[in-house]
Trainee: 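What follows is a structure written as structure tokens; I'll ask about it next.
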Protein chains: 2
Amino acid sequence: MNQSSKKPVTLQDVAKHAGVSRATASLIVRNSPKISSETRKKVLKSMEELGYVYDRVAANLRSKSSTTIGIIITDISNTYYSDLLKGVHHTLEEIGYTVLLGVTFDSVEKQDQILSSMIEHRVGGIILCPVSESADETVNRLNKLQIPAILAVRELAGSNCDFVGVDYQAGSQMAVEHLIKKGHKRVAFLGGYRKASTWIERMEGYSLALQQAGIELDGSIVIDSVPTREGGVDAVRQLLSLPNRPTAIFCFSDLVAFGVVQGVREAGLKPGEDIAIMGFDNIPEAEIFYPPLSTVSSFAQLTGKTAANLLHQRITQSEGEKKRIILQPELIVREST
Amino acid sequence: MNQSSKKPVTLQDVAKHAGVSRATASLIVRNSPKISSETRKKVLKSMEELGYVYDRVAANLRSKSSTTIGIIITDISNTYYSDLLKGVHHTLEEIGYTVLLGVTFDSVEKQDQILSSMIEHRVGGIILCPVSESADETVNRLNKLQIPAILAVRELAGSNCDFVGVDYQAGSQMAVEHLIKKGHKRVAFLGGYRKASTWIERMEGYSLALQQAGIELDGSIVIDSVPTREGGVDAVRQLLSLPNRPTAIFCFSDLVAFGVVQGVREAGLKPGEDIAIMGFDNIPEAEIFYPPLSTVSSFAQLTGKTAANLLHQRITQSEGEKKRIILQPELIVREST
DNA sequence: CTGAAAGCGCTTACAG
DNA sequence: CTGAAAGCGCTTACAG
């Protein structure tokens, strides 16, 4: 991994060429105001002529600082995460950081590995969207870390980190209340891992909404699945084979809802007409989907942006109470309900 | 951007604690086989106890090497690029690189800025998906760079870089031939910037397919637009206001096709039945779309993977002829045609 | 502004 | 394997 060819030009070379001291040249690359604009111009010209490139890595080493941030997500193909990444990346870059990307593909080992690699690369901070069954060990490592870390999307029990997330319970309640208001009395809840905190919170919102409407919860129409489109297809097939078919379905996520719509069609029913379907997340595809999907926005991009800003704050101000920022979701009504 | 607290432990500290020399400790972190497993174990234990973290940045500085790679894309929300990114990231990480992410949002200035930042961070190589109107200056910088760089998706005139791309002409020809085989004699071509090389190549494929079928090209049903869903809506509105309506539409991209489907519906027509619609790229949404979209796969992930491997080769073997790898697209027939 | 010195945490090269 | 020295490219701290 070497690159050879001509010797790279250093600050020393620039200083010599411009006839100033190395210290002066150093002040100039760092935009110090203490330097007269004449000297600055002269030195900048030398840099230009010599083709100097600033070695930020060496600078960071000496000054014990860092201009990189690590962001770790579970899946890049999931538009929820690519949206969140967009939010993080955009605000971080604006502040002047360079971002290191890590993708865990929901593997705990990979997550630990990426964490190590980022720390060894001296990132100034980390934003972590944890794998669902993150080990206690991960939590411990995060806590022992000298580096500021923010958790996003999923909280980790026992971690002493700032957290940015979404109120899944409120969102689910909203969604189910919307369905009930539309006249539905039998509403299924499909998809997601039953043990995940993100499922449990949604389940609470679902129960609450039913309860407040005086509808009894029927466990047989709560069907879990892998949280993907395929999972949605499976779950809805199971559901539609049941005797007392519901008139509305609340799905764990938009991805699951896409599968559910497909399964409903396969059964010869018209999604949005014969049966109402509601998603969760409001990923970009929800809008272009047919029928356009009613859903609850969990503001992926805003989540990323918020996490990025919080991290920046943590880095610059260091101390202070750990924060917990919970975004309020928003009901998005389209044609599928 | 400092982090204070306790003094971090260095290799020196580890060596002292384990009773070995610094040189030995250094050999151990680098997995040298020259060290007896007894010594290795002892030292690893000391590292564990002291909570040592290897400073890869300092190591890279001293050994004039790099373990990071920069990947620059134009848009993270576009699943074509997030797919490509997935391919790049996955293979690079497997080799042992850490990836720096840059997003240009199609701005030349941003692209230059990101390029600078990555170089200053001493990346070992760069994969660049260039902004469409990249300036000559960018090309010059790339050529002067001491760092291996690979161009992906779009080629840059005058650049002396390796390139990985897709045969857009062949893909378009395939698509239009498919439509003609289905019995369509009047096929529109909608969307994309007329001056972009990616448009011109598609146009060539389109013309060729018509020509070989003995169909005369009608310029009035070739309508350009911004290459987005909105652009597709605009273009198809314009098209449908024309007197002699075509029976099939070849779209610049899947994204454009999504807009075209929407516009067709708004006009009271049934996409896939009253009018055939064909996309390009085969982004993941094409499959879940309704109707499932016929398209041409441009293998985004494979493109990324190929670029990553080529870069790795370039970094390790350095010299040799510049390569140009053009992937052959594949026809994907679904229900929209 | 300058100049000389020391140091960030590591690797390199070499004599033993 | 060890040990002492030098150096990667920069910043820091200080006397002038």
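Letters A, B, ... are given to chains in the order of the sequence lines, protein chains preceding strands, and every chain is numbered from 1.
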Trainee: I need the CD-C1' distance between B/Gln12 and C/dC10, as an integer number of Å.
Mentor: 11 Å
Trainee: Nearest to the side chain of B/Tyr54, which nucleotide is it out of C/dC10, C/dG9, D/dC10?
Mentor: C/dC10
Trainee: Want to know the stems of DNA chain D: at least 3 consecutive Watson-Crick or G-U pairs with distances under 3.5 Å, which are they?
Mentor: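 Output for stems: C:1-3 with D:14-16, C:5-12 with D:5-12, C:14-16 with D:1-3.
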Trainee: Would you say a side-chain N or O of B/Arg30 is under 4.0 Å from OP1 or OP2 of C/dT12?
Mentor: yes
Trainee: For A/Arg22 and A/Thr10: C-alpha separation, side-chain torsions, deciding distance, then whether side chain to side chain donor-acceptor pair (under 3.5 Å) applies.
Mentor: CA-CA 10 Å; A/Arg22 187 153 57 144; A/Thr10 71; over 6 Å; no
Trainee: Taking the side chain of B/Ala58 as heavy atoms from C-beta outward, which of D/dA13, D/dT11, C/dC10 is closest to it?
Mentor: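 Of D/dA13, D/dT11, C/dC10, C/dC10 is nearest to the side chain of B/Ala58.
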Trainee: Could you tell me how far apart A/Asp55 (CG) and D/dC10 (C1') are, to the nearest whole angstrom?
Mentor: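 These atoms are roughly 7 Å apart.
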Trainee: Is any side-chain N or O of A/Arg56 closer than 4.0 Å to OP1 or OP2 of D/dC10?
Mentor: no
Trainee: Phosphate oxygens OP1/OP2 of C/dT12: is one of them under 4.0 Å from a side-chain N or O of B/Arg62?
Mentor: no
Trainee: Using whole Å, report how far NE2 of B/His121 lies from P of D/dC8.
Mentor: 21 Å
Trainee: Roughly how many Å is it from CD in B/Glu120 to P in D/dG9, rounded to a whole number?
Mentor: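 Result: 15 Å.
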Trainee: Report the distance from atom CD1 of A/Ile150 to atom NE2 of A/His312, rounding to the nearest 0.5 Å.
Mentor: 12.0 Å
Trainee: Using whole Å, what does the distance between atom C1' of nucleotide C/dG9 and atom CG of B/Asn60 come to?
Mentor: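 B/Asn60 atom CG is separated from C/dG9 atom C1' by 12 Å.
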Trainee: If we check side chain to side chain contact (heavy atoms under 4.5 Å, CB included) with A/Leu151, which of these qualifies: A/Asp162, A/Ile126, A/Leu142, A/Val164?
Mentor: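 Exactly one pass, corresponding to A/Leu142.
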Trainee: In whole Å, I'd like the distance from the CG atom of B/Leu11 to the P atom of C/dT11.
Mentor: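 Result: 6 Å.
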Trainee: Is any side-chain N or O of B/Ser21 closer than 4.0 Å to OP1 or OP2 of D/dG3?
Mentor: no
Trainee: Rounded to the nearest Å, what distance is computed from the CZ atom of residue A/Arg122 to the P atom of nucleotide C/dC8?
Mentor: 12 Å
Trainee: With side chain to side chain donor-acceptor pair (under 3.5 Å) as the test, pick out the partner of A/His121 among B/Asn60, B/Thr98, B/Asp55.
Mentor: B/Thr98
Trainee: Taking the nucleotide of DNA chain C with the closest heavy atom to each, which residue, B/Ala59 or A/Lys42, is nearer the 5' end?
Mentor: A/Lys42
Trainee: To the nearest Å, how far apart are A/Leu27 CG and D/dC14 P?
Mentor: 15 Å
Trainee: Look at B/Lys64 and D/dG9 and indicate whether a side-chain polar atom (N or O) is within less than 4.0 Å of OP1 or OP2.
Mentor: yes
